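Input: one structure, supplied below.
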Amino acid sequence: MTRTFTITTPLYYVNGSPHIGHAYTTMAADALARFKRLQGHEVLLITGTDEHGQKIERTAIEAGLSPQAHCDKVVADFRQLWQQYNIQIDRFIRTTDPHHEQIVKEFFQRVLDKGDIYQGQQKGWYCVACEEFKDERDLLADKHCPLHPSKVAEWRDETNYFFKLSAYQEKLEKLYADRPDFIQPPSRRNEVLSFVKGGLQDFSISRVNLDWGIPLPNDPSHTVYVWFDALLGYISALAEPGQTPDLNASISKWWPANVHIIGKDILRFHAVYWPAMLMSAELPLPNMVFGHGFFTKDGKKISKSEGNTVDPLLLAQTYGEESLRYFFLRCFEFGQDGDFSEARFVEIVNNDLANGLGNLLNRTLGMVKKYSEQLIVPSCNVAEIPPDHPLKSIGQDLGSRVSNHYDQLAFSAAAEAIFDLVRASNKFIDDSAPWTMFKAGQHAELQQVLYTLLESARLAGFLLSPAIPKISTAIYQQLGLTIDFDHLQSTLALVDFNAHSAWGFLPVGGQLNSAQPVFARLELAPENST
RNA sequence: GGCUCGAUAGCUCAGUCGGUAGAGCUAAGGACUCAUAAGCCUUCGGUCGGCAGUUCAAGUCUGCCUCGAGCCA
């Protein structure tokens, strides 16, 4: 029996080019997806783009493009970014995809039939940049939006359709109480709890005088509000290609999603509006919504006006994606904010990947070659290695510890646990001094030491593969094991997670390959003017 | 104004059930040699934001305050 595992990133809003935050969210989702694939789950990683709304329409017009042409252009940028970061997407959903429109209309009709949609009057100041109505007292002088100080909010007085969010207050509170893990991390959960406790108001789910959107099935003069539209992308993404778009068919295999990975800025939509919408349509709820943190650059908030944006594409081209994937997962606690500094990045990556992991494999293979006649896995009785062996003691339950960390999206804790083994291995070399054993003719001891070192490097490489698949593949290759962690599908039958994640898997006597650095040290790039 | 989160070594952060502070990085010194001048050892370094309280004992619990990030009205 295969277990399915569905992961989503947000559907990114295409009003501008992808930034480092998009790369971060998607890298994390990709690492989780890879880990679950490794464990034998059938995984669906969904990302996509949210393309409707007035803001997009205006951005396109300013650029002299049709909305669709504008969106196509930005979508190409996103696709390039995923490729650059070696992110393996299973589904890329665009809210302008025709089948998405079908799903949205069907969903809308369901909720309408349920009696949860009514017509009402919406008056107020509307910030196009936020795509939200604002209270007058929240606005700055001259009706500027506090979040977009350069934009003036517009007065709107229009007939809209509303969703009866208020009817779901109690059910939502029960959901949060019954399933404490629904919103992660706990600090985000607290925020949602206090928001909901304050009372939920119905929200407008349609717009008039806006062509760039999906027309309401019951009133084509209105289009669906972008958020109502975008959230449903998670469902329309599930439709099998070629399948007739249909709500029930779409959710048959991959729904509910196991986790929605999102930035903390869109928590409310995912933790409040979305479950209420699903309840109304009588669809199952996702298992978890995880709102991760943001980062600052050199201690300062990243913003265009500050001019300290980080171009993810340039970064990957400069340093290569593996080091970035590793750094972002290793150095930030997912869920908490962190600071990005290029100097620190280079330091960490060189220390961990080159000096720590890479050099461990390199020096051990060097010793095997030098102290044996052949380049084969040193022989020893693996079963006889005592449980309190300095490396076995760490390695024997490392797989399950790392699995637990991944289940909680604690990527940094997972990496840290793995590097405990790497550090212990480098220390173990000095403590046991194989060169002395060699000179003293302690052949059996030497073989065992070398075996435990190779095996520890292997295990570390295996468990790190969701973060650094190419380095892991190189490690495995040098150890004589042919698994391409970038093409697990083709080798899936050969990868038994339980076997590979256990310490002691490396077959004695196997052929090894000659040592090659698996990760070259990075140089800090000279300061460029972005 | 209400609420949430954070404030721990020069830097980035761990610290589960309260029991005299830990890791990694950086810096300085040392011994070694298998290695990508990598690795290992030692040292430097903290009145755990401040003030009270509870307790035999508080980074860890309670209250108030200061600063920072954020949510809401």
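Everything quoted here is computed from the prediction, not taken from an experiment. Proteins get letters first, then strands, A, B, ... in listed order; numbering begins at 1 in each. What's counted below: heavy atoms across the whole structure, side chains too, no hydrogens, waters or symmetry copies.
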> Closer to the 5' end of RNA chain B via nearest nucleotide, is it L365(A) or R188(A)?
Replying inline: L365(A)
> In terms of side-chain heavy atoms of S187(A), which of rU4(B), rA35(B), rA69(B) is nearest?
Replying inline: rU4(B)
>> If I pick the P atom on rC25(B) and the same atom on rG39(B), what distance separates them, to the nearest angstrom?
In response: 8 Å
>> Taking the C1' atom in each of rU66(B) and rG49(B), what is the distance between them to the nearest angstrom?
In response: 8 Å
> So, S472(A) side chain and G461(A) main chain: donor-acceptor pair closer than 3.5 Å or not?
Replying inline: yes
> Should the heavy atoms of other residues, nucleotides or ligands under 6.0 Å from NZ of K369(A) be counted, would the total exceed 12?
Replying inline: no
> Looking at side-chain heavy atoms only, is the closest gap between Y13(A) and I56(A) below 4.5 Å?
Replying inline: yes
>> As a test of reading the structure: which of rA69(B), rC25(B), rC34(B) is closest to the side chain of E347(A), going by heavy atoms?
In response: rC25(B)
> Can you find an N or O donor on one side and an acceptor on the other, under 3.5 Å apart, linking the side chain of N355(A) with the base of rA38(B)?
Replying inline: no
>> Can you check the distance between rA35(B) and rC13(B), where both ends of the measurement are the P atom (answer in whole Å)?
In response: 37 Å
> Is there any side-chain hydrogen bond (donor to acceptor under 3.5 Å, both in side chains) pair reaching into residues 506-522 of chain A, and which pairs are they, with sequence neighbours excluded?
Replying inline: N355(A)-R521(A)
> Is it true that a side-chain atom of S465(A) and a backbone atom of F462(A) form a donor plus acceptor pair closer than 3.5 Å?
Replying inline: yes
>> My understanding is that a pair needs two contacts under 3.5 Å, Watson-Crick or G-U wobble. By that rule, which nucleotide pairs with rG1(B)?
In response: rC72(B)
>> Less than 4.0 angstrom from a charged side-chain N to a carboxylate O is my criterion; do K171(A) and D116(A) meet it?
In response: no
> Which nucleotide in the list rG70(B), rC40(B), rU36(B) gets nearest to the side chain of A354(A)?
Replying inline: rU36(B)
Could you go through nucleotides 41-43 of chain B and list every protein N or O atom that sits under 3.5 Å from one of its N or O atoms, giving the distance for each pair?
from	atom 1	to	atom 2	distance (Å)
rC41(B)	OP1	K427(A)	NZ	3.2

> If we take the P atom in both rG70(B) and rG30(B), what is their distance in whole Å?
Replying inline: 48 Å
> Expressed as a whole number of Å, how far does the P atom of rG46(B) sit from that of rA23(B)?
Replying inline: 15 Å
> Using purine N1 to pyrimidine N3 plus N6-O4 or O6-N4 for Watson-Crick, or N1-O2 and O6-N3 for G-U wobble, each under 3.5 Å, what pairs with rU12(B)?
Replying inline: rA23(B)
> Is the shortest distance from a Lys or Arg side-chain nitrogen in D229(A) or R207(A) to a carboxylate oxygen in the other one below 4.0 Å?
Replying inline: no
> How many Å lie between CG on D420(A) and C1' on rA23(B), as a whole number?
Replying inline: 9 Å
> Would a distance-only check, ignoring hydrogens and angles, find a side-chain to backbone donor-acceptor pair under 3.5 Å from R325(A) to Y85(A)?
Replying inline: yes
> Is any side-chain nitrogen or oxygen of N190(A) closer than 4.0 Å to OP1 or OP2 of rC5(B)?
Replying inline: yes
>> Distance check needed: rG24(B) P versus N426(A) CG, whole Å only.
In response: 13 Å
>> Taking rA9(B) as the reference, what is the distance to rG15(B) when you measure between their C1' atoms (whole Å, please)?
In response: 14 Å
>> I'd like the P distance from rC11(B) over to rG50(B), given in whole Å.
In response: 16 Å
> Using atom C1' of each nucleotide, how far apart are rG24(B) and rA14(B) to the nearest Å?
Replying inline: 10 Å
> Thinking salt bridges, do K470(A) and E321(A) make one under a 4.0 Å N-O criterion?
Replying inline: yes
Dump every N/O contact between nucleotides 10-13 of chain B and the protein below 3.5 Å, one line per pair.
from	atom 1	to	atom 2	distance (Å)
rU12(B)	O2'	R344(A)	NH2	2.7

>> Closest-nucleotide mapping onto RNA chain B: is Q201(A) or K439(A) further toward the 5' terminus? I mean the 5' end.
In response: K439(A)
> Base, sugar-phosphate, or nothing for G358(A), non-hydrogen atoms under 4.0 angstrom?
Replying inline: base
> Would the F162(A) and F203(A) ring centres measure less than 6.0 Å apart?
Replying inline: no
> Donor-acceptor pair, E455(A) side chain versus F505(A) backbone, under 3.5 Å?
Replying inline: yes
> Where the side chain of N351(A) is concerned, which of rG70(B), rG39(B), rC34(B) is the nearest nucleotide?
Replying inline: rG39(B)
>> Students often get this wrong, so: under 4.0 angstrom with heavy atoms, is V518(A) touching a base, only sugar-phosphate, or nothing?
In response: base
> Heavy atoms under 4.0 Å, any strand shown: does F438(A) hit a base, just sugar-phosphate, or nothing?
Replying inline: nothing
